[in-house]
Amino acid sequence: MKLNELLDEAKTLQPQLQKWRRTIHRNPEVGFDLPKTKALVKQALTEMGYAPQDCGRAGVLALAGGKRPGKTILLRGDMDALPIFEESGEVFASEVPGKMHGCGHDMHTAMMLGAAKLLKEHEEEIEGTVKLEFQPAEEIFQGSPDMISNGLLENPKVDAAVMFHVLAGMPLPLGEVLVPGGGITMASCEQYHIVVHGKGGHGSMPENCIDPITAAAHIHIALQEINARELSQNDFGVLTTGRFAAGAASNVIPDTAEMWGTIRTTDPDNKTGAFIRQRMTEISEGVAKTFRCTAEVEFSDYCPCMMVDKALAQDAMTYMTDLLGKGAMDMAPLTGGKPGGGSEDFAFVSHEVPTVSMFLACGSPERGYRYGQHHPKVRFDDSVLWEGSAAYSYFALRWLEGHR
């Protein structure tokens with residue numbers, strides 16, 4: 001395989017990559033409910049000569065290579081959007097109210113389709129097998145475990161796994177690839193839901209009511225003491241209440257008040273998370289009782305921290321430097337070698353096989369891309385889609401060649 005040849009081939013795919021990306025962006029779908037996106041992916045793969053297979057509730061798999069003996073490498077692209085209203089102003093903005101590709105998964109899907117095209121054209125050169133994964137439900141941390149339980153890492157058995165994530169709103173050169181150094185690189189995440197039960201009534205007679213809003217407000221403040229007074233300075237733990245809801249009228253004390261949020265840690269054994277859950281439950285129930293209320297605390301949708309294999313990360317730095325020259329960067333100096341607070345459900349895979357997760361810069365504030373992931377106004381420069389496709393395919397070809 002000639003590097004310049006691969007790059008030239010990737011560049012010729014750019015118009016099609018952009019078309020795929022913008023079609024997906026106009027028609028965002030969330031969770032496991034991805035009929036249009038899945039149909040587009042399967043049709044494109046079939047036209048390339050693949051025989052795509054369903055995996056789990058909404059995933060798609062395809063195999064490239066397999067004609068020569070060797071190992072198997074997994075490439076992942078996620079497909080789901082977010083349940084938010086788009087305010088980006090793009091001419092190809094979401095046509096589905098309340099849904100938006102605000103995390104760049106439309107970019108990932110298009111890049112993966114481009115990689116599939118390049119790998120099919122170089123299939124005779126593949127020293128083993130490339131497994132192409134198109135994953136649903138990443139935003140709710142359910143897609144990866146669903147596909148794993150339905151054979152993602154088997155038949156053929158996966159020996160290494162790779163993912164890219166686009167980045168916008170960061171002061172980075174367009175098209176630069178960031179490679180982590182290894183170890184824990186992203187935090188775990190778990191959802192929580194607290195329901196405070198009181199006794200509703202007329203707002204003019206609070207003495208006849210038991211106000212759940214007052215109790216919930218005190219619970220919210222009390223939970224902040226877990227970080228301030230109960231966690232060691234060596235333990236990373238972030239507890240965020242992102243949603244607080246109660247009542248529907250200004251002159252009525254409601255029966256209940258509710259809070260939703262997340263817990264994030266970088267403890268691979270989740271002992272810190274277990275301690276936070278215990279104290280959240282005790283504090284919520286205790287404070288609620290103080291105000292004559294009761295509280296129910298539920299936890300769900302746990303995603304572990306991302307584990308990056310150090311040897312695979314070293315391979316990634318070598319390959320991306322060879323592919324892009326100065327367009328590859330070790331991200332350790334940016335992070336101080338510390339894990340990021342964001343979470344990614346490909347972490348489930350990282351606890352099963354050697355994994356590396358990389359980032360592709362797709363728009364800086366200096367170029368007008370001022371917002372980051374999950375913001376209603378976030379935009380991604382899709383002129384780098386060809387580069388992402390080249391990076392996926394080149395990584396797979398190089399790694400298989402070097403690990404025969």
Side-chain angles (χ1 to χ4, degrees), residues 70-78 108 115 127-131 133 135 138 144-145 148 152-153 156-167 170 172 176-189 234-236 264-273 303-361 388 390-404:
K71 294 184 179 295
T72 298
I73 188 168
L74 175 71
L75 307 181
R76 195 287 300 264
D78 37 9
H108 303 165
E127 303 281 354
T129 303
V130 182
K131 184 176 285 191
E133 176 195 5
Q135 183 205 306
E138 191 281 327
S144 195
I148 291 173
L152 170 66
L153 303 178
K157 185 179 182 299
V158 171
D159 298 293
V162 178
M163 62 157 280
F164 278 89
H165 203 302
V166 294
L167 285 177
M170 301 286 286
L172 297 167
E176 185 165 64
V177 170
L178 278 69
V179 181
I184 299 174
T185 60
M186 284 190 271
S188 66
C189 186
N234 298 318
D235 292 330
F236 174 87
R264 299 177 192 269
T265 75
T266 54
D267 179 357
D269 298 321
N270 201 29
K271 292 180 180 178
T272 304
C303 173
C305 54
M306 174 68 77
M307 305 288 292
V308 168
D309 182 77
K310 292 185 178 181
L312 201 59
Q314 291 174 354
D315 288 338
M317 194 65 205
T318 298
Y319 304 160
M320 294 301 102
T321 300
D322 290 348
L323 180 71
L324 305 169
K326 294 182 179 180
M329 175 181 177
D330 182 352
M331 66 185 296
L334 287 178
T335 64
K338 297 179 180 179
S343 303
E344 161 63 62
D345 91 337
F346 202 56
F348 285 101
V349 172
S350 78
H351 285 252
E352 301 293 332
V353 299
T355 298
V356 64
S357 60
M358 292 171 282
F359 299 88
L360 176 64
Y392 265 125
S393 52
Y394 184 69
F395 191 108
L397 290 166
R398 277 286 303 271
W399 189 85
L400 289 172
E401 182 182 35
H403 293 81
R404 288 176 287 186

Discussion item. Determine whether Glu138 and Gln135 satisfy the following criterion, side-chain contact (heavy atoms from CB on, under 4.5 Å), listing intermediate values before the conclusion.
Written reply: CA-CA 7 Å; Glu138 191 281 327; Gln135 183 205 306; 3.5 Å; yes
Worksheet item: Would Tyr392 and Phe164 satisfy ring-ring contact (aromatic ring centres under 6.0 Å, His included), going step by step from the backbone distance to the final call?
Response: CA-CA 8 Å; Tyr392 265 125; Phe164 278 89; 4.9 Å; yes
Hey, could you give me the [atom1]/[atom2] distance between [X] and [Y], rounded to the nearest 0.5 Å?
| X | Y | atom1 | atom2 | result |
| --- | --- | --- | --- | --- |
| Thr355 | Leu74 | OG1 | CG | 8.0 Å |
| Leu178 | Met320 | CG | CE | 12.5 Å |
| Glu401 | Glu127 | CD | CD | 6.5 Å |

Under the salt bridge (charged side-chain N to carboxylate O under 4.0 Å, His left out) test, which residues partner [X], sequence neighbours left out?
| X | result |
| --- | --- |
| Glu176 | none |
| Asp235 | none |
| Glu344 | Arg76 |

Determine the minimum heavy-atom distance between [X] and [Y], stating which atoms define it.
| X | Y | result |
| --- | --- | --- |
| Pro268 | Cys305 | CA-SG, 3.6 Å |
| Ala316 | Met358 | CB-SD, 3.7 Å |
| Lys310 | Gly183 | CG-N, 4.1 Å |
| Ala313 | Val308 | CB-CG1, 3.9 Å |
| Ala161 | Leu312 | O-CD2, 3.7 Å |
| Gly128 | Leu400 | C-CD1, 4.4 Å |

Mind checking what makes side chain to side chain contact (heavy atoms under 4.5 Å, CB included) contact with [X], not counting sequence neighbours?
| X | answer |
| --- | --- |
| Ala347 | Cys303, Pro304, Met306, Ser350 |
| Asp267 | Thr265, Asp269, Lys271, Thr272 |
| Ala187 | Phe236, Arg264, Thr266, Ser343 |

Item to complete: Any salt bridge (charged side-chain N to carboxylate O under 4.0 Å, His left out) involving residues 178-189? Give me the pairs, sequence neighbours left out, ordered by first then second residue.
Response: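 As it turns out, there is no salt bridge (charged side-chain N to carboxylate O under 4.0 Å, His left out) pair with a partner in residues 178-189 once direct neighbours are skipped.
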Worksheet item: Who pairs with His165 by side-chain hydrogen bond (donor to acceptor under 3.5 Å, both in side chains), at least two apart in sequence or on another chain?
Response: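 None.
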Worksheet item: Under the side-chain contact (heavy atoms from CB on, under 4.5 Å) criterion, do Asp159 and Trp399 qualify, and how do the steps go?
Response: CA-CA 11 Å; Asp159 298 293; Trp399 189 85; 4.0 Å; yes
Worksheet item: Below 4.5 Å, heavy atoms only, C-beta onward: do Leu152 and Glu133 meet side chain to side chain?
Response: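 In contact.
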Item to complete: Please tell me if the side chains of Leu153 and Val349 come closer than 4.5 Å, counting only heavy atoms from C-beta onward.
Response: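 Yes - at least one pair of side-chain heavy atoms lies under 4.5 Å apart.
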Discussion item. With ring-ring contact (aromatic ring centres under 6.0 Å, His included) as the rule and sequence neighbours excluded, what pairs involving residues 309-353 come up?
Written reply: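 As it turns out, the ring-ring contact (aromatic ring centres under 6.0 Å, His included) pairs with a partner in residues 309-353, which skip direct neighbours, are Tyr319-Phe395.
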Fill in: Met317: which of Val356, Val177, Val179 passes side-chain contact (heavy atoms from CB on, under 4.5 Å)
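Going through the options one by one, the only one that passes is Val179.
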Item to complete: Go through the steps for Ile73 and Val158 under the test side-chain contact (heavy atoms from CB on, under 4.5 Å), then give the verdict.
Response: CA-CA 6 Å; Ile73 188 168; Val158 171; over 6 Å; no
Worksheet item: Distance-only, no hydrogens or angles: does the Lys131 side chain make a donor-acceptor pair with backbone N or O of Pro156 under 3.5 Å?
Response: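 Judged by distance alone, yes, a pair lies under 3.5 Å.
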Fill in: Option among Thr318, Asp322, Asp315 that satisfies the side chain to side chain donor-acceptor pair (under 3.5 Å) test with Arg398
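Considering Thr318, Asp322, Asp315, a side chain to side chain donor-acceptor pair (under 3.5 Å) with Arg398 is found only for Asp322.
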